[in-house]
K.L.:
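The structure's right below; bear with me while I get my questions together.
In what follows, chains carry the letters A, B, and so on, assigned in the order in which the sequence lines appear, proteins first and then strands, with residues in each chain numbered from 1.
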Amino acid sequence: MATGKSSLSIIGKQTFIKYSDAVHSEPKEISREFSSRLAEIIQKYPSKKSAVMSALYLAQEHYGWIPLEAIRWVSEELDLAPAHVESVATFYTMYYKRPVGKYHFQICRTLSCMLCGAQKISDYLKEKLSIEAHTISVDGMWSWEEVECLGSCGTAPMVQINDVFFELVDAEKLDVIIDKIKKELPDLRYHTTSGELGTGMSDFPRSQVLGLDLK
Amino acid sequence: MQTNHHKILTANVHHLDQHLLSKYEERGGYQAIRKVLKQTPEEVIQEVKASGLRGRGGAGFPTGMKWGFVPKNLGKPIYLLNNADESEPGTFKDRLLMERDPHLCIEGMMIAAWALGANWSCLYIRGEYGYPAVRMEQAIEEAYKKGYLGKNIFGTTFSLDIVVHRGAGAYICGEETGLIESLEGNKGQPRLKPPFPAVVGLYGCPTVVNNTETLATLPWIILNGASAYAKIGTEKSAGTKLFSASGHINKPGVYEVDLGYSLLDFINNECGGIRGGKKLKAVIPGGSSVQVLRADELEGVKLDYESIKGAGSMLGSGGFMVMDESTDMVEACLNLQHFYSHESCGQCTPCREGANWVQKIVGRIYDGAGTYSDIPLLKSVTSQIAGHTICPFGDALVTPVLSFIEKFPEEFNTRIAQANGIPTFNTGEELSSQVLDAVSENAKNVAANV
Ligand SMILES: Cc1cc2nc3c(=O)[nH]c(=O)nc-3n(C[C@H](O)[C@H](O)[C@H](O)COP(=O)(O)O)c2cc1C
Ligand code: FES
């Protein structure tokens, strides 16, 4: 768990920086495998430029966020001006311009969730992780932010952790989830191109599927 | 107690194995496409026109008519885009379809593609929908393996490729031209219309954008016939519609109802009534961009395009948000304005600056720092946004704030009065007139100072 101190307030910035300016180490070079995965994606579109969003996701999968190196890689792979790639990367909130915690919590704050107690969830998480929104815990494990409607309003309040939705959450459930993450370090990603569904958290079914009573 | 509604879209969503092609087919799937491929595209368009199906993405535009706008023989490819961006607050119905019946979504796309003469189609899905996206990808892969997608489908001349394209967190990419820009690899900033996408769309080619629910309705229409569909619902609002019910109700969820169903029955039956025995205060019936309705305005209102319009709101996406008596309407209004301010794409100045202004003004009223001139100021600012932007986002942000002020003036007035040291009264009305006097007094002072 975080010690209460947090590192710089760094998520949510809009300018791009070098990997080593945020992480204090040199990044691993992005491998050929990523280039060939991208080449496969490009094939699917009538125009190469359409692959820019997928390319940014691939780069984010490698670096964990979008440093300048990622912009360069995408612009070289797709023959696009770096300024164009930057304009796309800044437009969309799901490309992180700074590193996030290994487990990044996104708490929905919009109306249906608000009506069902989203504020309490934010307050609880802030206390539990002992960090402010948009900051990372010193151990690099945690970060959180409030986001707009995630399309889970029927199972409000809800939190997205990395790629996975946790619905109908409350303080107690958050405790269980966080403990489990600490113990098992599950992979909470839906891999952008490999089509894997496994998350290691299968005993956390997305609490109730959209109002249908599913056993 | 629930009324028996037709199950056109949700007949199989409760089967946990429905996402598998074999199960989908066992339950009657991929029959409609086989049937359609024996008809001419014109016949299919005619059938969809006759069914009365209207777009479920928000605007309710007749689907067959939209298809009819696509010029053929331009020598350019024609594209079909499935809009699964689903970012309108309060809406989560397309997600249900993609998660639980992905092949139904695919078959719907195939039918539309055949009717339009499209050989390349894309499902544009909001980036946060990781699980439904993977479900769709897996279903598409299965369909390719079986030869249901790709070249010469079912031994005919029809070929179709479907690509899943993930958004990355931008509400505006649900607007059809924003979606097209995004898919071309740009910022998702909407284009001026005309030209309409049906003529100049993706890569400058004729393009139809349809909502996921709209497309998923097609297999049923083809199998059961246009007249069977047109018989369900009302004369102008045919068929069934998915409503995403959320907020202070006992049974939130996605419900398919016959259009024309009583709104209050929907709350009391399907939604299980108001939580905790509280009283109903207000409903937003069609997603955050439509007018809020007070409980006393709901008597006799039906869930169809015309009836909800008659009540002063819109059916929109069917994002049905229910608020009980404990809801602070100034807070609810602020919550939505925060959303719009965050999501403005920044292209048009009235929207980019205006959304921010509106949020700040509502915010200071909420914080107890409002002034008497704030309500007229809001009206003035919003009048300079609506109708002055490239896309309807500007109107979408203005609609809720104006309706909250109109429907719940006493709550805004009380906040302002408290902030300005006027004692509060028991009835909103008295206070309202007091504040209105103060507003006109204020206006006189302002005029005197000019
Ligand atoms: C700001 C804005 C957001 C929109 N978001 C969506 C959306 O998330 N999903 C959708 O299907 N349509 C959305 N629309 C409507 C689309 O522009 C378009 O009308 C619709 O996808 C057409 O499909 P339909 O005819 O099947 O309804 C949005 C429109 C606006 C102005
Ligand atoms: S309002 Fe929270 S998921 Fe929609």
Side-chain angles (χ1 to χ4, degrees), chain A residues 41 44-57 78 80 84 87-95 106 109-116 147-156 160 162-165 189-197 199 206 208-215, chain B residues 13-14 16 77 86-92 95-96 99-100 120 126-131 133-135 137-138 141 161 163 165-171 182-188 203 244-248 251-255 284 288 319 321 323 327 331-332 335-336 338-339 342-343 345:
Chain A
I41 293 168
K44 295 184 177 175
Y45 291 97
S47 150
K48 193 170 171 180
K49 195 169 139 205
S50 287
V52 66
M53 292 178 74
S54 306
L56 282 164
Y57 274 132
L78 297 177
L80 292 170
H84 179 83
S87 78
V88 173
T90 42
F91 188 79
Y92 301 96
T93 53
M94 287 175 65
Y95 302 121
Q106 299 182 291
R109 61 158 299 284
T110 314
L111 188 57
S112 303
C113 282
M114 178 198 108
L115 295 173
C116 297
V147 297
E148 301 294 346
C149 178
L150 290 170
S152 220
C153 332
T155 40
Q160 181 181 343
N162 297 353
D163 293 354
V164 180
F165 283 11
R189 288 178 303 164
Y190 296 125
H191 295 275
T192 40
T193 51
S194 63
E196 277 172 49
L197 263 186
T199 66
R206 290 148 334 97
Q208 168 195 336
V209 182
L210 305 168
L212 296 164
D213 264 337
L214 293 169
K215 296 288 155 331
Chain B
V13 291
H14 56 285
L16 289 175
E86 191 154 73
S87 309
E88 174 87 357
T91 316
F92 45 98
R95 176 180 159 205
L96 173 83
E99 282 187 2
R100 315 223 51 105
W120 189 85
R126 66 176 297 182
E128 295 88 344
Y129 277 1
Y131 185 85
V134 172
R135 268 281 157 93
E137 277 166 2
Q138 289 174 337
E141 199 180 310
D161 287 310
V163 174
H165 186 97
R166 297 186 188 202
Y171 168 63
S182 176
L183 189 50
E184 286 188 5
N186 304 319
K187 293 180 281 185
Y203 316 120
S244 317
S246 67
H248 293 143
K251 285 170 35 196
V254 178
Y255 297 98
I284 301 177
S288 63
M321 291 173 276
M323 290 164 265
T327 313
E331 188 184 13
N335 182 285
L336 293 180
H338 184 288
F339 169 81
H342 182 259
E343 295 297 337
C345 82

K.L.:
Does any N or O in the side chain of B/His248 come within less than 3.5 Å of the main-chain N or O of A/Leu115, such that one atom is a donor and the other an acceptor?
P.N.:
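Yes; judged by distance alone, with no hydrogens or angles, the pair exists.
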K.L.:
Is chain A contacted by the side chain of B/Leu183, its backbone, both, or neither, given a heavy-atom distance below 4.5 Å?
P.N.:
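For B/Leu183, heavy atoms of backbone and side chain both lie under 4.5 Å from chain A.
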K.L.:
So do the side chains of B/Glu184 and A/Lys49 get within less than 4.5 Å of each other, counting heavy atoms only?
P.N.:
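No. Closest side-chain heavy atoms not under 4.5 Å.
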K.L.:
Could you pull out the closest heavy-atom pair between B/Gly127 and A/Tyr57, with the gap in Å?
P.N.:
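Closest pair (atom of B/Gly127, atom of A/Tyr57, distance): CA-OH, 4.0 Å.
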K.L.:
Pick one of side chain, backbone, both or neither for B/Ser182, based on which atoms fall under 4.5 Å of a heavy atom in chain A.
P.N.:
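When you check distances to chain A, atoms from both the backbone and side chain of B/Ser182 fall under 4.5 Å.
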K.L.:
Please rank A/Met94, A/His84, A/Lys48 by heavy-atom pairs under 4.5 Å with chain B and give me the top one.
P.N.:
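Max contact count across the listed options: A/Met94.
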K.L.:
Under 30°, 30 to 60°, or over 60°: which ring-plane class applies to B/His165 and A/Tyr45, parallel, tilted or perpendicular?
P.N.:
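B/His165 and A/Tyr45: perpendicular rings.
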K.L.:
Counting neighbours of NZ on A/Lys44 that are heavy atoms of other residues, nucleotides or ligands and sit closer than 6.0 Å, is the number greater than 12?
P.N.:
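Count not over threshold, so no.
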K.L.:
Which pair of heavy atoms, one from A/Ser47 and one from B/Tyr203, lies closest together, and at what distance?
P.N.:
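Closest approach of A/Ser47 to B/Tyr203: CB-CE2, 3.6 Å.
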K.L.:
Between A/Asp163 (side chain) and B/Gly130 (backbone), is there a donor-acceptor pair under 3.5 Å?
P.N.:
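It does not hold such a pair.
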K.L.:
So which residue, B/Gly188, B/Gly247, B/Ala245, ends up with the most heavy-atom pairs under 4.5 Å with chain A?
P.N.:
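Option with the greatest count: B/Gly188.
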K.L.:
Sort out for me which of B/Thr327, B/Val163, B/Ile284 touches chain A most, counting heavy-atom pairs under 4.5 Å.
P.N.:
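Winner by heavy-atom pair count: B/Val163.
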K.L.:
Working to the nearest 0.5 angstrom, can you tell me the gap between B/Glu128 CD and A/Gln160 CD?
P.N.:
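It is 6.0 Å, given to the nearest 0.5 Å.
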K.L.:
For the interface with chain A, which of B/Glu343, B/Glu331, B/Glu86 has the highest count of heavy-atom pairs at distances below 4.5 Å?
P.N.:
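Sorted descending by pairs with chain A, the first entry is B/Glu331.
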K.L.:
Do you know which two heavy atoms are closest between B/Phe92 and A/Ser152, and how far apart they sit?
P.N.:
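Scanning both residues, the minimum pair turns out to be CB-N, 4.4 Å.
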K.L.:
Do B/Tyr171 and A/Cys149 touch side chain to side chain, with heavy atoms closer than 4.5 Å?
P.N.:
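No, every pair of side-chain atoms sits at 4.5 Å or beyond.
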K.L.:
Of all heavy-atom pairs between A/Phe91 and B/Ala170, which one has the smallest distance, and what is that distance?
P.N.:
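So the minimum-distance heavy-atom pair works out to CE2-CB, 4.0 Å.
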K.L.:
Quick check on B/Ser244 against chain A: is it the side chain, the backbone, both or neither that has a heavy atom closer than 4.5 Å?
P.N.:
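Contact with chain A involves no heavy atom of B/Ser244 at all.
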K.L.:
Could you tell me whether a side-chain N or O of B/Arg166 sits under 3.5 Å from a main-chain N or O of A/Ser54, the two making a donor and an acceptor?
P.N.:
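No; judged by distance alone, with no hydrogens or angles, the pair does not exist.
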K.L.:
How long is the straight-line distance from OG1 of A/Thr110 back to NE2 of B/His338, given to the nearest 0.5 Å?
P.N.:
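Rounded to the nearest 0.5 Å, the NE2-OG1 separation comes to 8.5 Å.
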K.L.:
Please flag which part of B/Asn186 lies under 4.5 Å from any non-hydrogen atom of chain A: side chain, backbone, both or neither.
P.N.:
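B/Asn186 touches chain A through backbone and side-chain heavy atoms alike.
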K.L.:
Is it the case that the side chain of A/Ser112 and the backbone of B/Ser246 share a donor-acceptor pair, with hydrogens and angles ignored and the cut-off at 3.5 Å?
P.N.:
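No, A/Ser112 side chain to B/Ser246 backbone: no donor-acceptor pair under 3.5 Å.
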K.L.:
Select one option (side chain, backbone, both, neither) describing which atoms of B/Glu141 are under 4.5 Å from chain A's heavy atoms.
P.N.:
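No part of B/Glu141 comes within 4.5 Å of chain A.
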K.L.:
Return the CE to CE distance between A/Met114 and B/Met321, rounded to the nearest 0.5 Å.
P.N.:
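If we round to the nearest 0.5 Å, A/Met114:CE and B/Met321:CE are 11.0 Å apart.
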K.L.:
Where is the tightest heavy-atom contact between B/Lys187 and A/Tyr92, given as atom of each residue plus distance?
P.N.:
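It is C-OH, 3.9 Å.
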K.L.:
Identify the two heavy atoms, one from A/Leu111 and one from B/Ala332, that lie closest to each other, and give their separation to 0.1 Å.
P.N.:
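Smallest heavy-atom distance, with atoms named: CD1-CB, 3.7 Å.
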